Asks: 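What follows is a structure written as structure tokens; I'll ask about it next.
Just so it is clear, the model here is predicted, and its values are computed rather than measured.
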Amino acid sequence: MALHIALIQPQIPPNTGNIARLCAATDSSLHLIEPLGFSIDDSEVRRAGLDYWDAVDLWVHPNWFAFRDAIDRARCLYFSAKAQQSYWDAPYRPNSCLVFGSETEGMPQRILEKHPERCFTIPMSGPVRSLNLATAVGIVLYEGIRQVSAKSHESRVASLDPVLSAPQPEKQIPHFARDEEAPESQS
């Protein structure tokens, strides 16, 4: 059921460290797409991730094209403050890759234009134009986990209980002819 998180050229070390810790906590893979605005050996990144770096399934891709070669585009869902659809409506599936732009540049415009049907946003009603990257990843990741878990649970229940998975017949309502009396109820 694991999901994947991809960060396009992240710039702020503590954000990436916090996202790495989140990935360790949820058994999600983390993909960093270079160039990065820091070294992953940076003490700020390590400190934010605490002792969890060894528990992170970390992939570092030298550029966007290498990432695209490694991850099937059909698995990717893109998240941006500039997208129109709500993240609640994203088609999360096991093994989906949740892709986020950098803190300074956001999602590249070419992705928003090329894949509008796969771009989603976190609705905000206040004056804030965007959320912190680590916060946004946490919100989206846990919604993805919730939806994938719910779908998995529903299919598991249906496969385990033939009564629940069998089509239910229409309820038959007794029909009594005009000249017949309805049976008396027994109290």
Side-chain angles (χ1 to χ4, degrees), residues 1-42 45 48-49 52-123 129-149 151-152:
M1 178 197 76
L3 296 172
H4 294 249
I5 299 296
L7 306 179
I8 301 172
Q9 302 175 0
Q11 301 297 306
I12 301 174
N15 279 341
T16 300
N18 284 320
I19 293 165
R21 186 190 318 190
L22 180 65
C23 288
T26 59
D27 196 27
S28 300
S29 297
L30 177 58
H31 298 261
L32 301 179
I33 303 166
E34 294 180 323
L36 308 179
F38 51 85
S39 163
I40 56 174
D41 294 326
D42 188 313
V45 178
Y52 304 110
W53 278 98
D54 291 341
V56 177
D57 180 26
L58 179 63
W59 298 71
V60 179
H61 304 274
N63 55 49
W64 174 253
F65 301 106
F67 169 76
R68 270 196 355 212
D69 289 343
I71 300 292
D72 180 8
R73 286 181 220 179
R75 291 175 45 197
C76 292
L77 302 172
Y78 306 98
F79 297 89
S80 169
K82 296 176 184 173
Q84 301 301 309
Q85 303 175 87
S86 171
Y87 76 106
W88 293 310
D89 299 327
Y92 302 98
R93 298 182 322 221
N95 220 20
S96 287
C97 187
L98 315 178
V99 183
F100 296 82
S102 77
E103 298 94 336
T104 55
E105 301 296 321
M107 183 64 64
Q109 189 63 35
R110 69 183 184 280
I111 293 173
L112 294 169
E113 291 169 357
K114 191 171 184 177
H115 304 286
E117 76 289 353
R118 300 189 68 76
C119 293
F120 303 90
T121 192
I122 298 170
R129 75 176 189 288
S130 65
L131 296 173
N132 170 276
L133 179 60
T135 301
V137 170
I139 290 169
V140 170
L141 178 58
Y142 273 99
E143 176 62 13
I145 290 169
R146 185 191 71 78
Q147 287 191 29
V148 169
S149 295
K151 290 174 193 170
S152 173

Asks: Which residues pass the side chain to side chain contact (heavy atoms under 4.5 Å, CB included) test with Glu34, sequence neighbours left out?
Replies: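 Checked Glu34 against side chain to side chain contact (heavy atoms under 4.5 Å, CB included); matches are Leu36, Val60, Pro62.
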Asks: Tell me every residue that passes side chain to side chain contact (heavy atoms under 4.5 Å, CB included) with Asp27, counting only those two or more places apart in sequence or in another chain.
Replies: none
Asks: Anything under 3.5 Å between a donor and an acceptor, one on a side chain of residues 134-146, the other on a protein residue two or more places apart or in another chain? List them.
Replies:
| residue | atom | partner | partner atom | Å |
| --- | --- | --- | --- | --- |
| Glu143 | OE1 | Arg146 | NE | 3.0 |
| Glu143 | OE2 | Arg146 | NH2 | 2.8 |
| Glu143 | OE2 | Gln147 | NE2 | 2.6 |

Asks: Determine the minimum heavy-atom distance between Trp53 and Ala20, stating which atoms define it.
Replies: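 So the minimum-distance heavy-atom pair works out to CH2-CB, 3.5 Å.
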Asks: Side chains of Leu30 and Leu7: closer than 4.5 Å at any heavy-atom pair?
Replies: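 Yes, side chains in contact.
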Asks: Quick one: CG on Leu32 to CZ on Phe38, what's the gap to the nearest 0.5 Å?
Replies: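 Result: 6.5 Å between the selected atoms.
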Asks: What pairs with Trp59 under side chain to side chain donor-acceptor pair (under 3.5 Å), at least two apart in sequence or on another chain?
Replies: Asp57
Asks: For the residue pair Leu133 and Ile12, establish whether any side-chain heavy-atom pair is separated by less than 4.5 Å.
Replies: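 No, their side chains stay 4.5 Å or more apart.
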Asks: Per the salt bridge (Lys or Arg N to Asp or Glu O under 4.0 Å) rule, what does the pair list look like for residues 68-78, sequence neighbours excluded?
Replies: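 For residues 68-78: none.
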Asks: At what distance, to the nearest 0.5 angstrom, does SG of Cys97 lie from NE2 of His4?
Replies: 7.0 Å
Asks: Just how far is it from atom SG of Cys119 to atom CD of Gln85, taken to the nearest 0.5 Å?
Replies: 8.0 Å
Asks: When you look at CD of Gln84, are more than 12 heavy atoms from neighbouring residues, nucleotides or ligands closer to it than 6.0 Å?
Replies: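 Counting neighbours around CD of Gln84, 12 or fewer heavy atoms of other residues, nucleotides or ligands fall under 6.0 Å, so no.
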Asks: Suppose we screen for ring-ring contact (aromatic ring centres under 6.0 Å, His included). Which residues come up paired with Tyr87, at least two apart in sequence or across chains?
Replies: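 By the ring-ring contact (aromatic ring centres under 6.0 Å, His included) rule, Tyr87 matches no residue at all.
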Asks: State, with a plain yes or no, whether a side-chain heavy atom of Gln9 is found less than 4.5 Å away from one of Thr104.
Replies: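 No - every pair of side-chain heavy atoms lies 4.5 Å or more apart.
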Asks: Not counting sequence neighbours, which residues clear side chain to side chain contact (heavy atoms under 4.5 Å, CB included) with Ser96? List them please.
Replies: Leu3, Leu77, Arg93, Leu98
Asks: Counting only pairs under 3.5 Å, give me each side-chain donor-acceptor contact of residues 108-116, with atom names and distances, residues two or more places apart or in other chains.
Replies:
| residue | atom | partner | partner atom | Å |
| --- | --- | --- | --- | --- |
| Gln109 | NE2 | Glu113 | OE2 | 3.3 |

Asks: Would you say Thr121's side chain and Ser80's backbone share a donor-acceptor pair under 3.5 angstrom?
Replies: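 Yes; at least one donor-acceptor contact below 3.5 Å.
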Asks: Do Tyr52 and Cys23 come close enough that some side-chain heavy atom pair is under 4.5 Å?
Replies: no
Asks: Grab the two heavy atoms, one from Pro91 and one from Phe120, that are nearest each other, plus how far apart they are.
Replies: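 Nearest pair, atom of Pro91 first, then Phe120: CD-CZ, 3.6 Å.
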Asks: Which residues satisfy the ring-ring contact (aromatic ring centres under 6.0 Å, His included) test with His61, sequence neighbours excluded?
Replies: His31, Phe67
Asks: Taking all atoms of both residues into account, what is the closest heavy-atom pair of Gln11 and Ser102, and its distance?
Replies: CG-CB, 4.3 Å
